[in-house]
Structure formats: C-alpha cells, structure tokens
J.: 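The structure follows.
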Amino acid sequence: MKALIVLANEKKEGSFCHALADMAKRTLRDAGYEVILRDLYAEHFDPILTHEELSLSGDEVSGELRAEIEQILATDLFVVIHPNWWGMPPAILKGWIDRCIRQGFCYAFTADGPVRMLEGRKAIVFTTGNTPQEIEVSVNHDPLDNLWKNIVFKTVGIDDCVRMNIASLIMSTPQQREQWLLEAKAELEKLL
C-alpha cells in the first residue's frame with residue numbers, strides 16, 4: 001500500500017503542520033505503508049500552471065509533472081496537511097492541485113458525465129487555523145470541508161475522505177496540541 005503526504009506550510013520546520021506530517025509518516029510506516037512526503041515549500045514546488053502546460057495532451061505530459069501524476073495514480077491513501085488561509089489552502093497547494101490532479105489522468109469528462117479515475121482510494125485532510133471551529137462553521141460555512149470532500153476528492157472518485165480541522169491554534173497550549181496530535185493519529189488509523 002502506498003501513501004502520499006502533501007504538506008503545504010511556509011515554515012521550514014517546527015510548525016504544527018510539520019508535527020502532523022511527522023505523526024502521519026510514522027503512523028503509516030508502522031502500518032506497513034510505503035510513504036512519500038511532499039513538502040511543497042521545502043521542495044520549492046512551482047504552483048504556476050502555464051498556458052503551454054495546460055494545452056499538453058496526456059501523452060505530451062512528461063518530466064517532473066508526469067512523475068508527480070504517476071505518483072498520484074499509484075497512491076492508495078492521500079494525507080493533505082495545510083493551514084487555513086482565508087478559507088483556502090495556501091496558493092502553492094492550490095497550484096499542486098491545478099497541475100497534478102489533472103484532467104485526463106485523475107478524472108475526465110464524457111457526454112455521460114464525469115469519469116472518476118481514483119475510485120477506491122482514501123484521503124484525510126488536516127487543516128489548522130486560528131478561527132475557532134464553531135465560527136468557521138457558523139459564519140464561514142467551513143469552505144475547506146466542501147473544497148476537499150466535494151470539489152477535489154469526490155470529483156476524482158475518492159468518497160472516503162475525512163477532514164479534521166484543528167483550531168484555534170494561536171490560542172492553544174502545548175498540552176492541547178499534544179491532544180490534537182493524538183486525535184489526528186486516531187482519525188488516520190481509522191482509515192487504515
């Protein structure tokens with residue numbers, strides 16, 4: 001079984017998102033998964049989808065982009081970790097979606113409707129934020145939950161998607177963060 005962890009946090013290390021990625025990597029390896037960690041900021045991932053790249057047919061996609069897409073197609077379990085920036089993922093992660101969760105590979109459109117090419121896989125998304133969860137839901141209508149569960153993963157065929165929002169990080173104590181890591185581990189283990 002293969003797991004892909006996609007981390008999008010601007011800090012080089014030491015963030016709570018990095019702690020979540022470390023926990024996920026250990027948990028998945030202990031469960032026998034082959035784990036790939038993509039730290040988009042550390043790797044200087046280019047989020048820009050160019051006109052030239054967008055116009056490439058499936059056969060023409062090559063190089064690093066082709067390798068990234070092949071990695072996605074081989075993944076059984078996706079773990080996405082990022083902070084909530086204005087109800088959205090950081091731009092670098094949005095660019096990863098645009099460039100890599102690609103039509104013709106992960107989904108397609110036909111006269112009969114969309115074809116979901118990643119059926120049977122699972123996903124878990126950990127988001128962090130400073131807005132308390134009750135406000136995120138009651139005022140903002142939890143846009144990240146809709147983005148990941150319905151717009152991204154459901155489109156490509158991943159119906160088994162869990163999202164855990166961890167907030168308010170800025171007001172939390174070290175003890176609360178340790179408890180959140182335990183809760184996140186438990187949520188991840190439910191998918192294994």
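It should be emphasised that the depicted structure is a prediction, and the values quoted were computed from it without experimental measurement.
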J.: Given salt bridge (Lys or Arg N to Asp or Glu O under 4.0 Å), test Arg26 with Asp30 step by step and report yes or no.
T.: CA-CA 6 Å; Arg26 282 191 312 274; Asp30 289 349; over 6 Å; no

J.: Is the distance between the ring centroids of Trp96 and His82 less than 6.0 Å?
T.: no

J.: Please name the pair of heavy atoms, one in Pro83 and one in Ala8, separated by the smallest distance, quoted to 0.1 Å.
T.: CD-O, 3.0 Å

J.: Do Arg121 and Thr75 get their side chains close enough for a donor-acceptor pair, meaning under 3.5 Å?
T.: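 Thr75 and Arg121 do not have a side-chain donor-acceptor pair below 3.5 Å.
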
J.: Do Cys17 and Leu7 come within less than 4.5 Å of each other through their side chains, counting heavy atoms only?
T.: yes

J.: Which pair of non-hydrogen atoms, one from Leu93 and one from Val6, has the smallest distance, and what is that distance?
T.: CD1-CG1, 3.8 Å

J.: If every non-hydrogen atom of Gly95 is compared with every non-hydrogen atom of Phe45, which pair is closest and at what distance?
T.: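 Closest pair (atom of Gly95, atom of Phe45, distance): C-CE2, 4.0 Å.
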
J.: Quick one about Thr127 and Asn84 (side-chain donor to acceptor, distance below 3.5 Å, no hydrogens or angles considered), yes or no?
T.: no

J.: Any side-chain to backbone donor/acceptor pair from Thr27 onto Ala24? Under 3.5 Å, distance only.
T.: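 Side chain of Thr27 to backbone of Ala24: no pair is present.
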
J.: How about Glu53 and Thr50: does a side-chain donor come under 3.5 Å of a side-chain acceptor?
T.: no

J.: Minimum heavy-atom separation for Lys11 to His18, with atom names?
T.: O-CE1, 2.8 Å

J.: State which residue, out of Glu183, Gln175, Gln176, Arg177, fulfils the side-chain hydrogen bond (donor to acceptor under 3.5 Å, both in side chains) condition with Gln179.
T.: Glu183

J.: Tyr107 and Phe105: aromatic ring centres closer than 6.0 Å?
T.: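 Centroid separation for Tyr107 and Phe105: 6.0 Å or greater.
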
